Visitor: 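Structure provided below as structure tokens; questions to follow.
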Amino acid sequence: MAKEQDMKSLHHWIFEDESEQITPEQRKKLQNSAPKAPDHFRNLVQEAVQQQMTEAGLGGKQNLTQRTGHPRHNTRTKRRKWSKTLFVVATVLAVGGVAVAAATGSSWLQQRLIEQGVPEEDTVVLLETELSQQNSELTGDVWPGGTPEEKNWSDPLLTVTEAYYDGATLYFLASPSEEAHDYDLSLKDHASVNGTDGIASLEKVDGEAAYFGRIDVMDPEAAEEILQSDEAEVTMTVLAQASYDGRILYTWKDAEAYEEIYGTGAFTLADGVKCYTVTAKDYYVGYTPHELTVQVPLTEAAKQVIGKYREEGKLGEDHAVMITGDDQTSALSATEEASDEESASNEKISDPIDTPISFAADGSHVTCEFSGSDGVLCIDAEIVQNTSQVYIGTLQAEAISEEALKALYPQGTSDNWTYTAGDEGEEGYWQYRDQNIFITADKETAHYQNDECETAETSDPSEEALTELYQQALTSFGMEGQIAENTTMEYGDVKEYTAKILLNGLPLAWYSQWNCVSTAQFENGQLASLNVPGVLIVTDQEEVTLLPIEELMEHVAEYVKEGEIVSVASSQPVTELSLEYYVDLTKQGIVFRPIWNFKVPYIIEESEASIGADNYLYFDAVTGALIRDAYGW
Amino acid sequence: MTKQQFAQLVLDSTDCLYRVSKGILRNDADCEDAVWEAIGIGFASLDTLRQDAYARTWLTRILINECYRILRQKKRSINTVELENCAANPSTDRKYSELYEAIGALDEKYRIPIVLFYLEGYSIREIADILQSTEGTVKSWLSRGRSRLREIMEEV
């Protein structure tokens with residue numbers, strides 16, 4: 001049922017959700033609908049890693065785990081054809097205590113804590129495995145959906161094997177009984193810890209015969225009281241429901257399945273899955289639940305560990321409780337915190353420009369700060385403006401000629417190039433006879449790839465020489481570019497460069513709706529690959545007057561105040577204001593206009609919540625309007 | 001980043017490595033070749049990784065380069081009919097969800113960004129870095145890719 005609902009949700013997202021973004025939940029569903037790495041692939045990755053570690057002299061020391069839903073065993077029976085090294089059997093990888101323990105599930109919580117940055121020795125103090133537990137089966141009308149079907153379980157549905165309380169949430173790992181393997185287990189959403197209400201959740205540990213549970217104590221004062229006590233006693237209701245095994249479950253929400261089933265009795269999907277019905281009652285109401293009570297001792301040593309790591313943010317990542325001082329603890333609810341922030345923010349909103357705009361004497365630097373409901377925008381930026389003569393206008397794109405691209409391989413002769421047409425919707429390509437040199441080109445982009453550089457005689461040219469080589473290539477296409485080395489993605493002997501194409505002396509903005517950037521890779525001193533946009537030719541343009549920076553900033557302040565800028569700039573100041581041209585695709589064709597690019601240092605955010613957040617700020621340099629792109633991002 | 005940390009990152013990224021390579025190459029054996037080479041290059045070049053935070057993006061970039069290198073080698077060595085069997089096309093390989101198969105039916109230039117953004121959670125900026133393109137272009141691919149995905153799903 002879960003999978004069916006996941007697919008419905010994804011269908012809704014594809015067909016009806018106007019947003020281009022995807023939530024973490026939707027991503028998880030999408031990942032669940034896609035294949036996981038098969039065992040042979042997983043084993044190969046382990047082998048490859050093991051070989052590298054062995055060669056580095058780290059073969060026997062690593063404590064690496066592969067988080068997987070698959071058993072760890074080596075199914076490969078033969079040596080890979082391109083490897084000269086005997087493979088070390090993959091199981092060597094699992095010698096670490098954590099890896100072995102992960103297979104049995106007994107130290108899964110420990111691994112989780114280590115991932116949060118808690119040292120292993122402290123996780124041992126924190127985790128309690130000496131737990132006492134009582135179970136009782138619940139009968140009668142214990143669920144709003146009705147009375148569960150009676151089922152006599154031979155053993156308790158869950159046995160809690162390890163647990164810890166971090167001052168706000170009680171976490172536990174539990175093993176299902178043999179019988180429970182055939183059912184989906186969950187928790188009633190409310191549970192109690194020392195008599196205080198908490199929000200409960202339970203999830204199956206991927207690939208393990210174990211469940212991970214958490215009870216969040218919502219009242220921070222009560223959460224703190226629990227921490228001061230000798231024991232946390234948690235009482236929760238464990239529910240068992242029919243496992244979804246690929247069948248379509250008839251529910252009152254699923255009219256289509258209802259009609260299909262009652263029209264045909266049973267039916268077979270295109271992929272051969274036989275579908276029939278399980279009553280909704282069985283699924284939603286489930287079978288006799290268990291009330292499970294667990295006593296978790298709270299030792300002084302554990303409390304010290306909790307105190308230490310909560311301060312460092314390694315525990316209680318999403319908790320309401322904050323600790324201040326050495327031994328003193330104070331509780332501050334998330335609501336209070338938010339309220340404080342809100343009031344502070346409101347105070348700032350009344351005066352959106354928090355610090356006055358100031359300029360360097362020569363006008364090359366600007367400093368100011370604006371506040372709004374989504375945070376603070378700090379600007380401490382150099383102003384980079386190559387020219388004050390700016391235009392708006394229209395452009396025409398032209399493909400780079402094949403001849404010009406072929407000329408990038410100077411050793412070549414024209415009759416050695418052969419063309420292979422692409423399948424429908426796919427690009428065709430030119431290849432230099434018997435060599436790995438390829439060219440594809442259309443109006444939007446052209447690509448030159450020369451894999452022969454890989455085996456070319458090694459040389460170590462200067463950066464200036466490579467930049468010159470790159471500039472020459474662009475010049476041969478009638479382009480000029482602002483070239484810079486891009487070290488972020490470089491690896492091995494490959495040198496990588498990017499070039500912002502210039503128009504009327506100003507760079508074209510990266511976030512333009514038309515591809516305006518070129519990239520090049522050099523290997524052994526030769527041009528290994530080149531991506532270049534089609535040539536843009538100005539067909540019409542008129543000069544415009546730039547908005548003074550002070551007036552531009554008033555527009556910016558207003559956008560910040562209105563909360564229309566969801567900005568990573570909250571944590572990073574804008575360090576450069578660069579005058580560029582934005583190239584847009586409109587009904588009138590390809591148009592360009594001057595914009596101010598508010599550059600914020602780019603930092604890769606690990607948090608899923610940050611995915612898709614704005615990481616650029618463009619303002620129209622004539623009107624001061626925030627640039628919103630055509631794709632709704 | 002230490003080799004130990006990189007090794008753990010590789011192992012943690014196994015599913016991602018599979019899905020990304022499968023987005024370009026059809027045969028599991030080719031995917032294995034690509035990932036094997038990518039891991040080797042990653043370890044050998046680890047000292048050239050400038051910032052630890054880029055490690056996952058960097059590894060994915062290496063893998064994609066290796067996938068395309070294999071694809072180009074196939075172009076050189078075999079005829080077009082065989083080539084069709086090298087490119088990703090999950091619909092005739094093994095049965096996955098309707099949606100995943102629709103993603104597999106997308107043109108390659110839309111498929112890879114869709115996989116990286118929606119499935120693997122890379123940001124637009126990271127995808128631009130990986131695919132040597134611009135954020136604007138990546139967004140355009142994603143937008144067109146999703147429109148095409150709708151069409152494919154409707155056809156089904």
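Computed from heavy atoms alone, side chains included, the values below leave out hydrogens, waters and symmetry copies. Labels below follow one simple rule: chain letters A, B, ... track the order of the sequence lines, proteins then strands, and each chain is numbered from 1. Everything numeric here is computed off the predicted structure, so don't read it as measured data.
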Visitor: Using a cut-off of under 4.5 Å on heavy-atom pairs, state which of B:Ile130, B:Val115, B:Leu119, B:Ile39 scores highest against chain A.
Guide: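 Of the candidates given, the most pairs with chain A belong to B:Leu119.
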Visitor: Give, as side chain, backbone, both or neither, the part of B:Cys31 having an atom under 4.5 angstrom from any heavy atom of chain A.
Guide: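 For B:Cys31, the contact with chain A is made by backbone and side chain together.
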Visitor: Do A:Gln521 and B:Asn65 make a side-chain contact, defined as non-hydrogen atoms from C-beta onward lying under 4.5 Å apart?
Guide: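 They are in contact (side-chain heavy atoms under 4.5 Å apart), so the answer is yes.
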Visitor: Looking only at non-hydrogen atoms, find the nearest pair between A:Val49 and B:Ala7 and report the distance.
Guide: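 Scanning both residues completely, I find the closest heavy atoms to be CG1-CB, 3.5 Å.
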Visitor: Under the ring pair (Phe, Tyr, Trp, His ring centres under 6.0 Å) rule, collect the residues that match up with A:Tyr432, sequence neighbours excluded.
Guide: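 A:Tyr432 satisfies ring pair (Phe, Tyr, Trp, His ring centres under 6.0 Å) with A:Tyr409, A:Trp417 only.
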Visitor: Can you measure from CD (A:Gln51) to CZ (B:Phe43) and round to the nearest 0.5 angstrom?
Guide: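 If we round to the nearest 0.5 Å, A:Gln51:CD and B:Phe43:CZ are 10.5 Å apart.
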Visitor: Is the closest side-chain heavy-atom distance between A:Phe41 and B:Asp28 below 4.5 Å?
Guide: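 Not in contact.
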Visitor: Set out, in order, the CA-CA distance, both residues' side-chain angles and the distance that settles side-chain contact (heavy atoms from CB on, under 4.5 Å) for B:Glu32 and A:Glu47, then state yes or no.
Guide: CA-CA 11 Å; B:Glu32 289 182 2; A:Glu47 287 169 9; over 6 Å; no
Visitor: Does the side chain of A:Gln449 come within less than 4.5 Å of B:Arg69's, by heavy atoms?
Guide: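 Of all side-chain heavy-atom pairs linking A:Gln449 with B:Arg69, none is under 4.5 Å.
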Visitor: Is any side-chain heavy atom of B:Lys3 closer than 4.5 Å to a side-chain heavy atom of A:Met53?
Guide: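 Yes, close enough: below the 4.5 Å cut-off.
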Visitor: Relative to chain A, which segment of B:Ile62 carries a heavy atom at a distance below 4.5 Å: side chain, backbone, both, or neither?
Guide: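 B:Ile62 touches chain A through backbone and side-chain heavy atoms alike.
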Visitor: Would you check if B:Tyr18 and A:Arg42 make a side-chain contact, meaning some heavy-atom pair closer than 4.5 Å?
Guide: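 In short, these two side chains do not touch, never coming nearer than 4.5 Å.
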Visitor: Tell me every residue that passes salt bridge (Lys or Arg N to Asp or Glu O under 4.0 Å) with B:Arg19, counting only those two or more places apart in sequence or in another chain.
Guide: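 Testing B:Arg19 for salt bridge (Lys or Arg N to Asp or Glu O under 4.0 Å), a comparison that skips the adjacent residues, returns B:Glu120.
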Visitor: Please determine, among A:Val583, A:Asp451, A:Thr498, the option with the most heavy-atom pairs under 4.5 Å with chain B.
Guide: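 Between A:Val583, A:Asp451, A:Thr498, the count favours A:Asp451.
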Visitor: A:Gln52 and B:Phe6: side-chain contact (heavy atoms from CB on, under 4.5 Å), yes or no, with the steps?
Guide: CA-CA 11 Å; A:Gln52 296 297 330; B:Phe6 186 67; over 6 Å; no
